[in-house]
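Take a look at the structure below.
What you see is a predicted model; the values in this text were computed from it and never measured.
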Amino acid sequence: MVRDLLGDDRHGAAAGQPAGESVPQRPSGEAEAERAGSRETAAKTGPDLILWLHRALTIAAVMGLIVNTRSFWNAHVLVRPGLALVITGAYLAMLIAAVIGLCASRHRTLARLDVGVLATAIVIKMVAAWPGVSGAKKLTVDEGMLMNAAARGLAKGRNPYTSQWPNIDPGLPTQLMDGRTVFDFGYPPLGVEIGAVVQRIFPSLVGIVLVAWLALLATVLFVFFVAPQPLRPIATLGVLGLGTFTAYADNAYPSVIALPFLCLALWSWPSIGRGGRLGRGGVGRAVALGAACSIHQLGWFLALFLVVGLVVLRLRELSLRATFLLLLRYGSTALAVFVLVSVPFIVKSPQAWLTGVFEPLLQHAVPHGQGLMGITHYVIGGSGALDLYGRATIALLAALLVTFAFHLRSIGPAIAVLPWMIFMVSTRSQDGYWLLTMPLWLVALVTTSRADFAGAYRFPLSSRVLKAATVAVFLPAAVCFVVAAATPQPLRFTVTSPVVRGEVLSALTVEVTNRSDEPVTPHFSVVTGVTIAEFWQVRTGPATLPAGATATFTLVPKAPDDEDEPFKIPKSEPAFLRAVSDGPQTLSSVRLTG
């Protein structure tokens with residue numbers, strides 16, 4: 001390689017120098033610099049390429065630590081200068097790490113450096129976590145508020161599934177299509193059980209936030225140590241360096257608490273049941289899957305793909321009966337963990353437990369999120385068939401499972417992404433559903449390869465039939481989505497009250513016509529952001545508007561005796577009147593300003 005790179009210089013006479021003329025000699029220093037550059041170029045394309053990429057990943061991890069670090073320093077320097085000084089020390093450690101990373105010539109040096117960079121990242125995040133863990137920084141999302149209230153209540157002996165917490169900010173909790181607001185606990189119990197234990201041990205701290213942060217740190221440590229040495233910096237960068245998970249841990253999202261269990265369940269998962277034996281590794285992964293499913297419903301979707309993938313993998317080497325028995329042991333182990341952690345609530349309040357655990361999947365929440373549903377919500381403004389988004393979600397899940405089975409040999413590692421693609425077409429399509437599972441992308445990257453799926457069962461179908469079947473299974477989801485987006489909103493609005501930018505809006509009078517063929521029970525909200533945060537009260541107007549009917553509604557932002565700040569129309573942001581209904585699920589909108 002080096003010879004080829006230097007060939008033109010060494011044979012200049014033969015290549016382009018006239019015969020009889022001597023080749024001018026370059027100064028020795030310039031020639032040596034050129035040879036060194038050539039060696040460096042060759043190294044980047046030869047055996048030392050892995051070392052060069054390892055250095056690049058290490059430097060990238062160091063660079064990622066800078067994200068939000070100044071804001072942590074600013075938050076502490078005046079009130080907790082000791083913590084700010086720790087951040088200053090972390091800056092120094094980053095600079096030293098950058099120097100070593102740029103100059104290191106051995107993998108051993110880089111491996112030690114990667115441990116130091118990870119330790120620096122953990123120190124930075126521990127400093128960032130302290131305000132939330134100590135209670136100095138308040139929870140700002142309803143998920144965290146409900147998790148905190150449920151954990152504290154459970155620590156005092158209260159059943160979270162029979163409790164309500166309407167005292168949290170009414171503008172934060174999830175609003176439902178039938179006009180209700182979610183003030184109850186709607187997750188499996190293991191997260192708050194762990195939080196309650198920690199709360200009892202450390203009563204002066206916010207136990208559930210501490211649990212979330214410990215889970216995040218456990219996740220990065222797990223990904224770091226299961227990765228091959230040259231790839232370990234991506235754990236530091238992807239989990240801690242980008243700053244994506246800081247706010248989620250600060251607000252005790254249950255899916256953050258489930259992350260280390262999900263990572264363990266996904267770790268080298270194609271090896272589960274190899275040879276027909278579940279083994280300790282398979283049992284451990286099944287237990288982790290059961291624990292993850294006992295914390296947040298996201299684990300349920302991963303479980304479906306794991307079962308389908310393992311069936312296709314094992315069918316090539318085992319009989320159908322042996323495969324069934326193997327997967328029965330695997331699934332039973334995970335299910336046993338799920339049931340075991342829920343036994344106290346199943347015994348005391350089975351209906352409340354069942355309702356709470358399945359609530360997020362069945363509650364008919366108002367539209368929100370960054371998925372394709374946004375075409376209806378934010379672009380078109382409404383639809384008379386929001387139910388079809390839910391059906392599209394189910395149809396897409398089925399299509400992805402079938403596609404995963406058909407093409408496991410080529411898309412097996414994508415199990416870390418596929419389960420949550422369904423939220424692109426759901427009415428609740430927040431990016432958090434896939435952002436929070438990004439560490440699983442890293443686990444799949446560093447612990448599986450396409451070679452792990454080369455022995456998967458091959459379905460006895462021709463290539464043409466397989467491609468046609470793959471396309472066909474996605475058609476139901478596509479049809480549901482198109483119909484949902486194309487169905488016009490049922491309500492037409494004529495606003496008769498003046499709406500002025502920057503002025504208080506104490507009441508809104510609007511004439512509403514139901515253009516659909518079904519009666520609609522509308523619930524109204526004046527929205528100045530992307531979320532339907534709080535419903536307005538209907539002072540005058542019918543509860544249900546019959547098909548083809550027109551009625552005048554007078555809406556007020558809060559109850560008449562409420563002494564909170566009045567509702568004010570923003571000076572610059574647009575304001576909308578939105579109305580939702582349940583049975584049928586519909587959304588109708590009209591722009592008020594802007």
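- Among all heavy-atom pairs drawn from Leu51 and His107, the shortest one is CA-CE1, 3.4 Å.
- Side chains of Phe261 and Leu289 form no contact here, defined as non-hydrogen atoms less than 4.5 Å apart.
- No donor-acceptor distance shorter than 3.5 angstrom exists from the side chain of Gln199 to the backbone of Arg152, with no hydrogens or angles considered.
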Test Phe481 against Leu388 for side chain to side chain contact (heavy atoms under 4.5 Å, CB included), laying out the working first. CA-CA 7 Å; Phe481 167 73; Leu388 289 176; over 6 Å; no
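- Environment of CH2 in Trp353: crowded, with over 12 heavy atoms of neighbouring residues, nucleotides or ligands closer than 6.0 Å.
- To the nearest 0.5 angstrom, Thr437 atom OG1 is 9.0 Å from Leu302 atom CG.
- With rounding to the nearest 0.5 angstrom, the CG atom of Leu325 is 12.0 Å from the CG atom of Leu278.
- The heavy-atom pair separating Val117 from Ala61 by the smallest distance is CG1-CB, 4.2 Å.
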Taking only distance into account, with no hydrogens and no angle test, what donor-acceptor pairs under 3.5 Å do side-chain atoms of residues 356-363 form with protein atoms, sequence neighbours excluded?
none

Take Asn251 and Thr140 through the side chain to side chain donor-acceptor pair (under 3.5 Å) test and state the conclusion after the steps. CA-CA 7 Å; Asn251 284 290; Thr140 58; 3.1 Å; yes
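- Here the closest non-hydrogen pair linking Phe185 and Ala150 is CD1-CB, 3.8 Å.
- Not counting sequence neighbours, the partners of Leu154 by the side chain to side chain contact (heavy atoms under 4.5 Å, CB included) test are Pro160, Val192, Glu193, Ala196, Phe345.
- In terms of modelled atom types and a separation under 3.5 Å, the side chain of Arg158 and the main chain of Ser163 share no donor-acceptor contact.
- In this structure the side chain of Ser342 never reaches within 4.5 angstrom of the side chain of Pro188, judged on heavy atoms.
- Judged by distance alone, with hydrogens and angles left aside, the side-chain atoms of His76 form a donor-acceptor pair with the main-chain N or O of Val127 at under 3.5 Å.
- Between Leu400 and Val402 there is no side-chain heavy-atom pair separated by less than 4.5 Å.
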Residue pair Val312, Phe404: steps toward the side chain to side chain contact (heavy atoms under 4.5 Å, CB included) verdict: CA-CA 9 Å; Val312 178; Phe404 189 62; over 6 Å; no
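- In this structure the side chain of Gln430 reaches within 4.5 angstrom of the side chain of Gln370, judged on heavy atoms.
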Just distance, no hydrogens or angles: give the donor-acceptor pairs under 3.5 Å from side chains in residues 221-245, sequence neighbours left out.
residue : atom : partner : partner atom : Å
Arg232  : NE   : Phe224  : O            : 3.1
Arg232  : NE   : Ala227  : O            : 3.3

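- Considering only residues two or more places apart in sequence or on other chains, Ala416 meets the side chain to side chain contact (heavy atoms under 4.5 Å, CB included) condition with Leu266, Leu440, Trp441, Ala444.
- A side-chain donor-acceptor contact under 3.5 Å links Ser426 to the backbone of Phe423.
- In this structure, the side chain to side chain contact (heavy atoms under 4.5 Å, CB included) partners of Val197, at least two apart in sequence or on a different chain, are Ile201.
- Counting only distance, with no hydrogens or angles, the side chain of Gln585 and the backbone of Leu386 share no donor-acceptor pair below 3.5 Å.
- By the ring pair (Phe, Tyr, Trp, His ring centres under 6.0 Å) test, Trp213 is found to be paired with no residue, residues two or more places apart in sequence or in another chain being considered.
- Across Leu262 and Ala292, no two heavy atoms sit closer than the pair CD2-CB, 3.5 Å.
- Contact of the Leu466 side chain with the His407 side chain is registered, since non-hydrogen atoms from C-beta on lie closer than 4.5 Å.
- Qualifying side chain to side chain donor-acceptor pair (under 3.5 Å) partners for Asp452, counting only residues two or more places apart in sequence or in other chains: none.
- Counting heavy-atom neighbours within 6.0 Å of Gln164 CD, excluding the residue itself, gives a total above 12.
- Heavy atoms from other residues, nucleotides or ligands lying under 6.0 Å from CZ of Phe324 number 12 at most.
- Here the side chains of Ser268 and Arg285 are in contact, with some heavy-atom distance below 4.5 Å.
- Taking both residues in full, the closest heavy atoms of Cys293 and Trp300 are given as O-NE1, 3.0 Å, listed atom of the first, atom of the second, then distance.
- Residue pairs that meet the salt bridge (Lys or Arg N to Asp or Glu O under 4.0 Å) test with at least one member in residues 301-314, sequence neighbours left out, are Arg314-Glu317.
- Ala398 pairs by the side chain to side chain contact (heavy atoms under 4.5 Å, CB included) definition with nothing, not counting sequence neighbours.
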Show the numbers, then the answer: is there a side chain to side chain contact (heavy atoms under 4.5 Å, CB included) between Thr120 and Leu65? CA-CA 8 Å; Thr120 303; Leu65 298 189; 4.1 Å; yes
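- Partners of Asp178 by salt bridge (Lys or Arg N to Asp or Glu O under 4.0 Å), not counting sequence neighbours, listed by chain and number: Arg180.
- Thr58 places a side-chain N or O within donor-acceptor distance of the main-chain N or O of His54, the cut-off being under 3.5 Å.
- For residues 120-145, every residue pair satisfying the salt bridge (Lys or Arg N to Asp or Glu O under 4.0 Å) rule, not counting sequence neighbours, is listed here: Lys137-Asp250.
- Environment of CE in Met438: crowded, with over 12 heavy atoms of neighbouring residues, nucleotides or ligands closer than 6.0 Å.
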What do the steps show when you test Val337 against Val339 for side chain to side chain contact (heavy atoms under 4.5 Å, CB included), and what is the final call? CA-CA 5 Å; Val337 173; Val339 173; over 6 Å; no
Side chain to side chain donor-acceptor pair (under 3.5 Å) assessment of Trp269 paired with Thr448: CA-CA 8 Å; Trp269 69 273; Thr448 63; 5.3 Å; no
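- For the pair Arg316 and Tyr457, the tightest heavy-atom approach, listed with the atom from each and the gap, is CB-N, 3.9 Å.
- One distance of note links OG of Ser255 with CG of Leu436; it measures 4.0 Å at 0.5 Å rounding.
- Using a 4.5 Å heavy-atom cutoff, the side chains of Met424 and Trp434 are in contact.
- Residues Asp114 and Leu118 have side chains not in contact (no heavy-atom distance under 4.5 Å, counting atoms from C-beta outward).
- From Arg450, atom CZ reaches atom CG of Leu408 across 11.0 Å, with rounding to the nearest 0.5 Å.
- Separating the CD1 atom in Ile257 from the CE atom in Met147 is a distance of 4.0 Å, to the nearest 0.5 Å.
- Put simply, CG on Leu396 and CG on Leu418 are 9.5 Å apart, with the number rounded to the nearest 0.5 Å.
- Identified under the salt bridge (Lys or Arg N to Asp or Glu O under 4.0 Å) test for residues 389-403, with sequence neighbours left out: none.
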